[in-house]
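These notes concern the structure reproduced below.
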Amino acid sequence: VQLQASGGGSVQAGGSLRLSCAASGRTFRRYGMGWFRQAPGQERDFVAAISGSGGGTVYADSVKGRFTISRDNAKNTVYLQMNSLKPEDTAVYYCAASQGLYYSNNDYDYWGQGTLVTVSS
């Protein structure tokens, strides 16, 4: 599975962005998909994940209520809608594919290249 993330950019605090992650292959619906982020000098952290069918989602506490993960299996794409953005959301955002619905980096087999989100105060 090859993943291509897009949609990053610069936004003021309180604004919104939608990230997209396009996947190659005909088995997209078999994979749980996750979003992670990495701020400068910090570890890569879990943000959100969605099951292959889209029926299950999990979120990090720091984004719960502000971010929404979704997927369109017909388009082989997963999305991350980010609302009420804060400066602390500034990071490179990565999408990843796994065999289930997981929080840990180690459970993801495939990674996209990352897209930068910058939130200014």
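Just so you know, residue 1 is the first one in the sequence shown, and it goes up from there.
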Ring centres under 6.0 Å, that's the criterion: do Y59 and F46 meet it? no

State, to 0.1 Å, how close V78 and I50 come at their nearest heavy-atom pair, and which atoms those are. CG2-CG2, 4.0 Å

Would you name the heavy atoms of S16 and Q81 that are closest together and state the gap between them? CB-NE2, 4.0 Å

Quick note, salt bridge (Lys or Arg N to Asp or Glu O under 4.0 Å) partners involving residues 74-91, not counting sequence neighbours, are R37-D89, R66-D89

OG of S6 to CD of Q113: how many Å apart, nearest 0.5 Å? 8.0 Å

With the 4.5 Å side-chain cut-off for hydrophobic clustering, are L80 and V58 part of the same group? no

Measure the OG-CE distance between S51 and M33 for me, rounded to the nearest 0.5 Å. 12.0 Å

Distance in Å, N73 CG paired with S53 OG, rounded so as to fall on 0.5 Å steps: 8.0 Å

Has T90 got a side-chain atom pairing as donor or acceptor with V119's backbone, closer than 3.5 angstrom? yes

Using the salt bridge (Lys or Arg N to Asp or Glu O under 4.0 Å) rule, collect all pairs that involve residues 42-61, keeping only residues at least two apart or in two chains. D61-K64

With F36, the ring-ring contact (aromatic ring centres under 6.0 Å, His included) member among Y94, W111, Y102: W111

Show the nearest heavy-atom pair for residues A5 and T115, with the distance to one decimal. CB-CG2, 4.2 Å

Separation of Y110 OH from S24 OG (nearest 0.5 Å): 9.5 Å

pair M82-V117: side-chain heavy atoms closer than 4.5 Å: yes

Hey, any chance L17 and Y93 share a hydrophobic cluster, counting ILVMFWY side chains that come within less than 4.5 Å of each other, even indirectly? yes

Shared hydrophobic cluster, L85 / W35 (ILVMFWY, side-chain heavy atoms < 4.5 Å): yes

Mind listing the closest non-hydrogen atom pair of A23 and F28 along with its distance? CB-CD1, 3.4 Å

Gap separating the SG atom of C95 from the CD1 atom of I69, nearest 0.5 angstrom: 9.5 Å

Under a 4.5 Å cut-off applied to non-hydrogen side-chain atoms, are L19 and Y79 in contact? no

Closest non-hydrogen atoms of T77 and A22, given as atom of the first, atom of the second and distance, are OG1-CA, 4.1 Å

Donor-acceptor pair between D107 and S98 side chains, under 3.5 angstrom: no

Going by side chain to side chain contact (heavy atoms under 4.5 Å, CB included), name the residues that satisfy it together with T27, two or more places apart in sequence or in a different chain. R30, Y31

